[in-house]
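The structure follows.
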Amino acid sequence: MPELPEVEGVVNALKPQVTGKTIKQVKISETVYHSHSLGKQTIIKGSLPDLLADALMDMRIEAVERRSKYIYFHVMKASNSYILVNHLGMSGAWFYVTHRDEITEAKFHRHIHVELLLDDGHWLIYSDIRRFGELRLIQQLSDYPPLLALAPEPFDQDAKAYFLKACELRKFKDKEIKAVIMDSHALCGCGNIYATEALFRMKINPGRKTSQLSGVEKEQLFETIVAVLTESIAFGGSSISDYRNINGEAGSMQNRLQMYGMNICPMCYTNTTQKIIAGRNSYYCPNCQK
DNA sequence: CGCATCCTCCGGTTGC
DNA sequence: TGCAACCGGAGGATG
C-alpha cells in the first residue's frame with residue numbers, strides 16, 4: 001500500500017523515462033470497459049474510458065509531480081495544458097517496458113488496465129490488482145475540489161503550522177491522534193505504516209485524543225513523521241504486499257519498521273496491542289506508548 | 001451548514 | 001481442498 005515515500009519513488013523513477021514523451025496509442029482493459037458499462041467509475045474517474053483514451057492521444061507529458069499520495073502528470077495537447085491525476089490506491093503500479101510480457105509477476109500482469117504507447121516505443125502501463133486506484137484528467141485542480149483541500153506537503157515550510165492549527169479544529173481535536181495524522185486534510189502523505197512508526201518513536205499511544213497532547217508533543221510528532229518519511233524515501237520505501245517501483249524493484253524500509261506488523265515490542269519485549277482506529281488496524285506497545 | 005457515520009470499490013490473503 | 005470472511009484510501013451519500 002503506497003504512502004508518500006513509495007509514491008515519491010515511483011515519481012522519481014517515472015520522471016526520466018516519460019518526461020517529454022508523447023502518447024501515441026491508448027489501450028484500456030475490457031474489465032474497465034465492462035465496469036463502466038455497469039455505471040461504475042472503475043479506475044477511470046470523471047470520464048468514460050473512450051473519452052479519456054481520445055483525450056490522451058497525442059498528449060505530451062511535460063512533467064511528473066508527486067502531491068500527497070497522488071501523482072500528477074502535467075500534460076499538453078495543442079497548447080492546452082491538463083493534469084492527469086493518478087492515485088495508486090491499494091495496489092496500483094506503473095511499468096515502463098517495451099512489451100507487456102516484461103511484467104512477469106502474474107498478479108500485476110493479470111490486472112493491466114491502461115497501456116500508453118509513448119513515441120519512444122515504450123509502453124507506460126498501469127496495473128491495479130484491486131482497482132482502488134484512480135486516473136482522472138482535469139484542466140486545473142479546481143476541476144476536482146478535493147485536491148484543493150489537501151494539507152501542504154509535509155516538507156513545506158508552512159506544513160507544521162498548518163498541522164498544529166488543524167489539531168485545534170473542532171473536527172480534529174477530539175479525535176484519536178492517529179486518525180488525525182492519517183487525515184490528508186491535517187497532514188498529507190502519512191498512512192498507516194508511517195503513522196504507526198512515528199507514534200512508536202514518540203512513545204505516544206495512537207488512541208490518545210489529539211487535544212490531550214501537549215504543544216511540544218504535537219510539534220515533535222510532526223517532526224518525527226517528517227523524519228520517518230524522509231528515512232523511508234532514502235531507503236526506497238516499504239515493499240509490503242503489492243508495492244514495487246516501476247522497475248519492479250522493492251524498497252527496504254520494511255526492514256527498518258519497528259512497530260508496524262510487530263507482535264512483540266522491540267524496545268521492551270512486551271506483546272503489542274492491536275486496535276482499530278479510524279477503520280484501520282493499529283499496532284502499538286501498551287507499555288512504551290502512553 | 002458542520003459533522004459523524006456508514007458505504008463503496010476489489011482480489012489476494014487468511015483462517016476455519 | 002474449498003470457501004467465506006477480512007482488509008483498506010478516500011471520496012461520496014446519507015443522516
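Note that the coordinates shown come from a computational prediction; the quantities given were computed from them, not determined experimentally.
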Taking only N/O atoms, report every protein-nucleotides 2-8 of chain B pair under 3.5 Å with atom names and distance.
none

Item checked: For A:His111, all residues meeting ring pair (Phe, Tyr, Trp, His ring centres under 6.0 Å), sequence neighbours excluded ->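 Ring pair (Phe, Tyr, Trp, His ring centres under 6.0 Å) list for A:His111, sorted by chain: empty.
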
Checklist line | Set of side-chain contact (heavy atoms from CB on, under 4.5 Å) partners for A:Lys203, sequence neighbours left out | finding: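 So A:Lys203 forms a side-chain contact (heavy atoms from CB on, under 4.5 Å) with A:Met267.
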
Next item on the list: Mind running a 4.0 Å heavy-atom check of residues 67-74 of chain A against DNA chain C and sending the residues that fall below it, in number order?
Entry: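 By residue number: A:Lys69, A:Tyr70.
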
Margin query: Going by the rule side-chain contact (heavy atoms from CB on, under 4.5 Å), which residues pair with A:Phe132 if we only count those two or more places apart in sequence or in a different chain?
Written below: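 Partners of A:Phe132 under the side-chain contact (heavy atoms from CB on, under 4.5 Å) test: A:Met90, A:Arg130.
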
Check: How bent is the helix from B:dC3-C:dG15 to B:dC16-C:dG2, comparing axes over its five end pairs at each side, to the nearest 10°?
Finding: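 What I find for the helix from B:dC3-C:dG15 to B:dC16-C:dG2 is an axis angle of 50°.
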
Checklist line | Sequence neighbours excluded, every pair satisfying ring-ring contact (aromatic ring centres under 6.0 Å, His included) that has a member inside residues 175-197 of chain A | finding: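 Counting only pairs at least two positions apart or across chains, no ring-ring contact (aromatic ring centres under 6.0 Å, His included) contact touches residues 175-197 of chain A.
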
Please output the side-chain donor-acceptor pairs of residues 50-61 of chain A that fall under 3.5 Å, not counting sequence neighbours, one pair per line with the distance.
residue, atom, partner, partner atom, Å
A:Asp50, OD1, A:Tyr33, OH, 2.6
A:Asp58, OD1, A:Lys24, NZ, 2.9
A:Arg60, NE, A:Glu62, OE2, 3.0
A:Arg60, NH1, A:Gly20, O, 3.3

Donor-acceptor pairs under 3.5 angstrom involving side-chain atoms of residues 154-174 of chain A: please list them, not counting sequence neighbours.
residue, atom, partner, partner atom, Å
A:Lys160, NZ, A:Glu219, OE2, 3.4
A:Lys160, NZ, A:Glu223, OE2, 2.7
A:Glu168, OE2, A:Lys218, NZ, 3.3

Margin query: Quick check for you: name the first and last nucleotides of DNA chain C, 5' to 3', having an atom under 4.0 Å from a heavy atom of chain A.
Written below: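 The footprint of chain A covers C:dG8 to C:dG12.
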
Item checked: Any residue meeting salt bridge (Lys or Arg N to Asp or Glu O under 4.0 Å) with A:Glu217, in chain and number order, not counting sequence neighbours ->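 Here the qualifying residues are A:Arg208.
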
Item checked: A:Ser81: partners by side-chain contact (heavy atoms from CB on, under 4.5 Å), with sequence neighbours left out ->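 Counting only residues at least two positions away or on another chain, A:Ser81 forms a side-chain contact (heavy atoms from CB on, under 4.5 Å) with A:Met76.
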
